[in-house]
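Per chain, numbering begins at 1; letters A, B, ... match sequence-line order. Predicted, not measured: the structure shown is a model, and the values here were computed from it.
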Number of protein chains: 2
Amino acid sequence: MERSTRQRTAIRQVIEAAGRPLSTQEILDASQVSVPGLGIATVYRNIKALLEAGEIDLVTLPGENPRYEQAHQKHHHHFQCTRCQRVFDVFSCPGSFKGMAPPGFEVERHELTLYGRCPDCA
Amino acid sequence: MERSTRQRTAIRQVIEAAGRPLSTQEILDASQVSVPGLGIATVYRNIKALLEAGEIDLVTLPGENPRYEQAHQKHHHHFQCTRCQRVFDVFSCPGSFKGMAPPGFEVERHELTLYGRCPDCA
DNA sequence: TTGTATGCAAAGCGTTTGCAGTGAT
DNA sequence: ATCACTGCAAACGCTTTGCATACAA
C-alpha cells in the first residue's frame, strides 16, 4: 500500500463514512459513485491491504459473507436487523463468559451477535 | 425423503454418533467408511432433507463453513477449539441480552460463540 | 522512467443442480 | 416396474489470481 490512488481513497472513505460494517458489494456500489468503472477485484485487493495495515477490521457474522468496518480499538459486538439485514455496532458487553463452558474447557474469548429490529425497521 | 438407502442411513448415523457439529467434509469422510464411493452431492442433498425433516440443525459459526448436528430441543451455544478447530455444544446461557443494544434497537434473539482450548488440546 | 495498482478474465472453493443410470419399494 | 435416490460433471456465487495496461511517484 504505497501509492495513493483514486480507487483506494474512495474505498477508504466509504468504509469510514459508513459507521457500520459493510459488505464488499456495498463497498463496491458506494465507491463506484465517485470512481465509475471500479472493479470488484480492486475492492478485494484494497480490503486485504487495509486489513493488513490495521485500518479496518473483519466482521464475520454467522452464515453471512464477510463485512468490513473502520478499525475500533475497543471490544464490541454486533447487531443484525432481521428485516433490512444491516449490521450495527454494539459497544456493551455482558462479561467474559469464563465458567460458562463445561469443566475442562478454557474460554479465551467470545463472539456475540444480537438479532432484532433496528430503529429504522422497528 | 421417502426411501431408506445405505447412503442416507450412513449419513444419519454419522451425525448422530458425533455428538458435536460436523462439517460436510467430516460427514463425507466418516460416511465413506461404511459407504465407499459416496458422493459429496449426496451428502448435501441428504443434509438438506434432514434439515427440512427437523432431524438435524444448521450450525453457522462466524467465518466458518456450515456444520450440522443432531437436532436439539433446548437453546444452546457453541465452543470452538482454537487449536483443533472442532466445535462443541455448550448448554448454558447467560440470559436474553435484551437491553444490551442501544435505545431504539429491539433484541429478539442472540448467538454466542466461545473460543479457547478443548479438554483434548488444553 | 519505474513498478505499484488497476481492470478484465480465468481459476478456486464450497455448494447446488441437470441428467442418465441405480436400486428401494 | 416405478420413480426416488445416486454419482458425475457442469453451473453458481463469492473470492483470488494472472496478465497486460495505466498511472502515481
Practice problem: Output the distance between atom CG (Asp89(A)) and atom CD (Glu69(A)), rounded to the nearest 0.5 Å. | Solution: 4.0 Å
Quiz prompt | Spatial distance of atom CD (Glu108(A)) from atom NZ (Lys98(A)) [nearest 0.5 Å] | solution = 8.0 Å
What is the separation between atom [atom1] on [X] and atom [atom2] on [N], rounded to the nearest whole Å?
| X | N | atom1 | atom2 | answer |
| --- | --- | --- | --- | --- |
| Gln32(A) | dT6(C) | CD | C1' | 13 Å |
| Gln7(A) | dA24(D) | CD | C1' | 11 Å |
| Arg8(A) | dT4(C) | CZ | P | 12 Å |
| Glu52(A) | dT4(C) | CD | P | 15 Å |
| Met1(B) | dA24(C) | CE | C1' | 15 Å |
| Glu2(B) | dT2(D) | CD | P | 17 Å |
| Asn46(B) | dA4(D) | CG | P | 15 Å |

Quiz item: Linking I/L/V/M/F/W/Y whenever any side-chain heavy atoms sit under 4.5 Å apart, do Val87(B) and Ile27(B) land together?
Solution: no
Self-check item: Check: His75(B) ring centre within less than 6.0 Å of Phe91(B) ring centre
Solution: no
Quiz item: Does a side-chain N or O from Thr42(A) land closer than 4.0 Å to OP1 or OP2 of dG7(C), or not?
Solution: yes
Exercise. Could you tell me whether the side chain of Arg67(B) reaches within less than 4.5 Å of the side chain of Arg86(B), counting heavy atoms only?
Key: no
Self-check item: Upstream residue (5' side of DNA chain D) when Ser4(B) and Thr5(A) are each assigned their closest nucleotide
Solution: Ser4(B)
Exercise. Look at the side chain of Arg3(B) and decide which nucleotide, out of dG7(D), dT2(D), dA24(D), has an atom nearest to it.
Key: dT2(D)
Quiz prompt | Plane angle bin for His77(B) and His110(B) - parallel if under 30°, tilted between 30 and 60°, otherwise perpendicular | solution = tilted
Practice problem: For nucleotides 9-20 of chain C, just jot down a letter per nucleotide in 5' to 3' order: B, S or -, based on protein non-hydrogen atoms under 4.0 Å. | Solution: -----SSBBB--
